[in-house]
Undergrad: 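Attaching a single structure in structure tokens format; questions to follow.
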Amino acid sequence: MFKKSSNTSITRGNNMFKKLVTSLLATSLLALGLIGCAPNAAQPNAPAPAETPAKGGETAQKDFVGVSMPTQSLQRWNQDGTNMKAILEGQGYLVDLQYANNDVNTQVQQLENMITKGCKVLVIAAIDGSAITDVLAKAAQNNVQVIAYDRLIMQSPNVSYYATFDNFKVGVIQGQYIEEKLGLKEGKGPFNLEVFGGSPDDNNATFFYNGAMSILKPYIESGKLVVPSGQTDFTTVAIQGWDSAKAQARMDTLVTANYAKGQKLDVVLSPNDSLAIGIVSSLKNAGYGSADKPYPIITGQDCDKPNVIAMINDQQSMSIFKDTRTLASKVAEMVDALLQGKEATVNDTTTYDNGAKVVPSFLCDPVYADKNNYKEILIDSGYYTEDDLK
Ligand code: BGC
């Protein structure tokens with residue numbers, strides 16, 4: 001899926017070497033009873049990495065990598081964290097994986113601890129992209145390098161790379177799905193639409209919104225899509241913290257104000273799955289889900305398990321699939337490159353300007369899953385088993 005680079009074979013060779021060294025070290029450490037102190041989420045104050053004897057009397061030190069994820073409340077971040085930890089450990093690194101409960105101060109504190117513990121690279125999915133400038137300055141003073149994971153880190157020069165899925169394209173695919181399912185290109189309509197946006201402190205949210213609106217706006221302007229609430233601009237439709245309950249509350253208000261007298265709601269643009277969960281709950285309470293009042297088309301993103309189940313049950317229509325395994329392996333390649341003083345492969349050097357610099361980025365390709373193709377996309381690829389979706 002990724003563009004091959006001339007670095008790839010070198011990186012693999014190094015990885016194999018690292019794996020060999022790691023397993024030899026692990027065996028001798030086990031024998032000495034020294035292993036078992038690698039930090040994880042349950043051991044926030046784990047000690048600094050141990051120096052371990054290497055061949056020829058030298059001292060080899062496993063590099064420590066900090067992985068800072070926003071929350072465990074959305075399944076995708078659990079998968080991102082678990083994948084990153086497994087891949088990096090497979091490459092011979094020690095990993096400090098932390099989740100910050102969607103709380104900015106917690107994330108800042110966790111990052112400070114990672115720097116103090118001697119992490120050489122920080123992989124960060126920021127809660128508020130603009131709120132970690134100071135701690136990143138501290139990282140730079142300590143020669144700690146930073147990779148922005150999935151979400152761009154704003155207003156800081158101290159970000160080496162950014163790896164994500166093509167966020168604008170995510171929105172475009174959602175918009176095109178709506179366009180196709182409603183037959184807008186064929187001139188069908190008018191249809192009633194309501195629009196939701198993601199968290200305003202997440203740089204991705206405007207990319208998703210702009211991507212979707214690049215498809216939908218012409219139909220709004222021509223009157224083929226009508227927005228009865230009149231609410232379409234990003235600041236009005238954005239849901240702080242990607243919060244399901246807030247999305248549910250906003251949908252409740254929209255239903256009461258605009259759809260209480262039998263008006264039909266045909267489609268809801270939801271940027272992700274946590275919002276879709278709240279939107280579906282609201283509509284369920286309002287009596288949607290029967291033969292004469294089916295759910296509208298509802299979009300989503302992440303293919304979280306409850307949402308895939310909702311797709312199978314005709315509550316949610318689609319969800320963008322961003323294979324977290326792909327992203328994690330790309331970021332692990334970047335970590336390797338940084339620690340070996342090499343350049344990582346990127347495929348975008350213009351789009352992601354964080355206000356302090358344009359961050360060299362690697363954009364992975366998103367696709368969508370719905371009731372018709374989810375088996376092929378999610379099960380055949382080994383992402384989920386049939387049982388996961390029961
Ligand atoms: C991610 C989405 C996720 C959202 C809420 C965004 O930055 O790209 O995949 O649904 O955050 O956690």
Side-chain angles (χ1 to χ4, degrees), residues 68-81 83-84 99-104 106-107 123-132 147-154 159 162-174 196-212 234 237-248 269-280 298-308 310-311 316 318-328 330-331 351-352 354 359 361-369 378 383:
S68 171
M69 291 285 145
T71 175
Q72 286 187 289
S73 68
L74 195 59
Q75 181 206 329
R76 74 150 288 186
W77 299 115
N78 294 285
Q79 264 161 320
D80 287 289
N83 291 338
M84 280 301 315
Y99 292 89
N101 201 20
N102 263 342
D103 180 63
V104 176
T106 306
Q107 186 163 45
V123 174
I124 307 172
I127 294 164
D128 179 339
S130 305
I132 54 175
I147 298 171
Y149 185 97
D150 193 72
R151 298 173 172 173
L152 187 59
I153 295 168
M154 307 302 289
V159 187
Y162 176 39
T164 188
F165 284 81
D166 185 334
N167 295 305
F168 188 84
K169 191 168 176 188
V170 166
V172 168
I173 297 173
Q174 291 170 334
F196 281 72
S199 192
D201 51 7
D202 179 347
N203 187 59
N204 288 354
T206 43
F207 277 83
F208 301 148
Y209 171 86
N210 288 333
F234 179 74
V237 303
I239 300 290
Q240 180 65 41
W242 296 99
D243 188 328
S244 304
K246 289 190 177 129
Q248 180 167 352
L269 172 71
S270 165
N272 89 330
D273 282 355
S274 60
L275 267 54
I277 286 280
I279 293 163
V280 167
I298 302 174
T299 57
Q301 164 178 205
D302 293 332
C303 285
D304 264 25
K305 272 183 218 164
N307 298 75
V308 180
M311 288 189 325
Q316 183 174 329
M318 60 87 86
S319 184
I320 300 290
F321 177 49
K322 305 196 299 190
D323 193 330
T324 51
R325 297 168 299 188
T326 314
L327 185 58
K330 185 66 212 170
V331 173
T351 309
Y352 289 98
N354 79 352
V359 185
S361 305
F362 193 97
L363 311 185
C364 308
D365 226 14
V367 293
Y368 78 78
L378 301 174
Y383 201 73

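Keep in mind that the numbers below use all heavy atoms, side chains included, and drop hydrogens, waters and symmetry copies. Atoms within a ligand are numbered from 1 in the order they appear, just like the ligands themselves.
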Undergrad: My understanding is that only residues two or more places apart in sequence, or in another chain, count here; which of them pass side chain to side chain contact (heavy atoms under 4.5 Å, CB included) with A148?
TA: I153, V159, Y162
Undergrad: How about Y352 and F207: are their ring centroids closer than 6.0 Å?
TA: yes
Undergrad: From the options M311, Q75, Q316, select the one residue that forms a side chain to side chain contact (heavy atoms under 4.5 Å, CB included) with P306.
TA: Q75
Undergrad: Taking any residue with a non-hydrogen atom under 4.0 angstrom from an atom of ligand 1, which ones do you get?
TA: L74, R76, W77, D150, R151, D202, N204, F208, W242, N272, Q301, D302, K322
Undergrad: Are Y209 and F234 close enough that their ring centres sit under 6.0 Å apart?
TA: yes
Undergrad: So among N307, N272, D304, D273, which one has a side-chain hydrogen bond (donor to acceptor under 3.5 Å, both in side chains) with S319?
TA: D273
Undergrad: As a test of understanding, state which of T164, L327, D150 forms a side chain to side chain contact (heavy atoms under 4.5 Å, CB included) with K322.
TA: D150
